[in-house]
Novice: 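Below: one structure in structure tokens.
As the structure lists them, so they are numbered: ligands from 1, and atoms in each ligand from 1. Sequential numbering from 1 along the given sequence is applied to the chain's residues.
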Amino acid sequence: MKLIFLGPPGAGKGTQASGVSAHLGVPHISTGDMFRSAIKNQTPTGLEAKRYMDAGELVPDSVVIDMVRERLAMDDCKSGYLLDGFPRTVEQAEALDQISAPDAVIEIDVPDERLLSRLTGRRVCGKCQGTFHISQLADEHACPICGGELYQRNDDQPETIATRLKAYHDQTEPLIDYYSGEGKLHVVEVSRLKTVNGDSKPEEVFKTILATLE
Ligand code: AP5
Ligand code: MG
């Protein structure tokens with residue numbers, strides 16, 4: 001299956017993608033994670049992406065589309081994919097329809113007022129990449145799974161979060177119309193979009209996503 005998770009920063013795309021990709025037997029591809037890894041390895045793509053990410057702005061379409069095209073050409077994507085954080089603009093969605101069109105799009109819907117505390121309280125493990133919220137952690141610095149050191153993402157600061165949310169509403173939300181076939185730019189007979197309520201416990205959101213996919 002070829003699946004997209006759409007949703008604002010902090011909606012729980014990454015949290016849900018690990019379990020759902022394992023369930024479906026397809027790779028979890030997060031463009032945000034790919035950029036963070038490129039930054040860590042100081043590749044040209046990473047160096048270019050960093051200034052946009054630190055400012056909370058979207059990386060230019062051409063850079064992201066080339067990166068995703070290369071990734072989707074890899075062998076493990078023959079069974080499909082779960083894309084998390086891509087596409088984020090209508091131009092990216094049109095490019096994906098040419099490269100390998102998705103079967104379904106799950107929009108994880110969470111009201112804006114819930115997102116700030118989710119993001120400012122997020123901690124990520126530098127070793128196993130596990131994602132947590134400080135409210136779940138006995139020790140804010142050590143990963144409860146592997147003991148690795150937890151860190152806070154550079155873009156999880158309140159001012160940057162505000163810019164990211166604005167980018168979501170201005171540039172990414174038009175994809176809701178694009179995939180539901182209501183946009184002027186793209187007309188499909190059957191909507192590929194399903195919206196799930198992301199404002200409940202992670203395990204409940206997981207069950208809703210699986211039920212929606214069936
Ligand atoms: P990216 O890494 O994709 O960030 P994002 O879309 O802003 O989304 P997040 O990763 O912040 O949130 P999430 O939905 O994954 O939430 P999570 O599961 O972690 O992109 C970063 C940057 O890269 C962009 O700003 C841009 O610059 C660039 N970029 C990436 N892709 C791009 C593209 N296609 N085009 C252009 N630029 C691109 O959960 C968040 C927190 O909430 C955690 O603490 C978690 O524990 C908690 N939580 C999760 N679920 C629940 C729940 N149900 N209830 C309570 N808490 C929950
Ligand atoms: Mg994420």
Novice: Is there at least one pair of N or O atoms, one from Tyr52 and one from ligand 1, spaced under 3.5 Å apart?
Specialist: no
Novice: Output yes when the distance from some N or O of ligand 1 to some N or O of Gly14 is under 3.5 Å, and no in every other case.
Specialist: yes
Novice: Considering both backbone and side-chain atoms of Gln136, is one of its nitrogen or oxygen atoms within less than 3.5 Å of a nitrogen or oxygen in ligand 1?
Specialist: no
Novice: If the contact criterion is a heavy-atom separation under 4.0 Å, does Gly198 count as touching ligand 1?
Specialist: yes
Novice: Between Asp155 and Arg164 (salt bridge meaning N to carboxylate O under 4.0 Å), is one present in this structure?
Specialist: yes
Novice: What I want to know is whether Ser30 and ligand 1 share at least one N or O pair that is separated by under 3.5 angstrom.
Specialist: no
Novice: Is there a donor in the side chain of Asp156 and an acceptor in the side chain of Tyr151, or the other way round, less than 3.5 Å apart?
Specialist: no
Novice: Are the side chains of Arg122 and Phe132 in touch, meaning some heavy atoms are under 4.5 Å apart?
Specialist: no
Novice: So, regarding Glu57 and ligand 1 (criterion: nitrogen or oxygen to nitrogen or oxygen, under 3.5 Å), is there a contact or not?
Specialist: yes
Novice: What residues, two or more places apart in sequence or in another chain, satisfy salt bridge (Lys or Arg N to Asp or Glu O under 4.0 Å) together with Asp109?
Specialist: none
Novice: Among all protein non-hydrogen atoms, which one is nearest to atom 19 (O) of ligand 1, and what is the separation to 0.1 Å?
Specialist: Arg122 NH1, 2.6 Å
Novice: Below 3.5 Å, N or O to N or O, backbone or side chain included: is there any such pair between Gly85 and ligand 1?
Specialist: yes
Novice: What's the shortest distance from atom 22 (C) of ligand 1 to any protein heavy atom, and which residue and atom give it?
Specialist: Met53 CE, 3.7 Å
Novice: Under 3.5 Å between some N or O of ligand 1 and some N or O of Val59?
Specialist: yes
Novice: I'd like a table of donor-acceptor pairs (distance under 3.5 Å, sequence neighbours excluded) in which one partner is a side-chain atom from residues 204-214, with atom names and distances.
Specialist:
| from | atom 1 | to | atom 2 | distance (Å) |
| --- | --- | --- | --- | --- |
| Thr208 | OG1 | Glu204 | O | 2.8 |
| Thr212 | OG1 | Thr208 | O | 2.6 |

Novice: Do ligand 1 and Asp33 have nitrogen or oxygen atoms that lie under 3.5 Å from each other?
Specialist: no
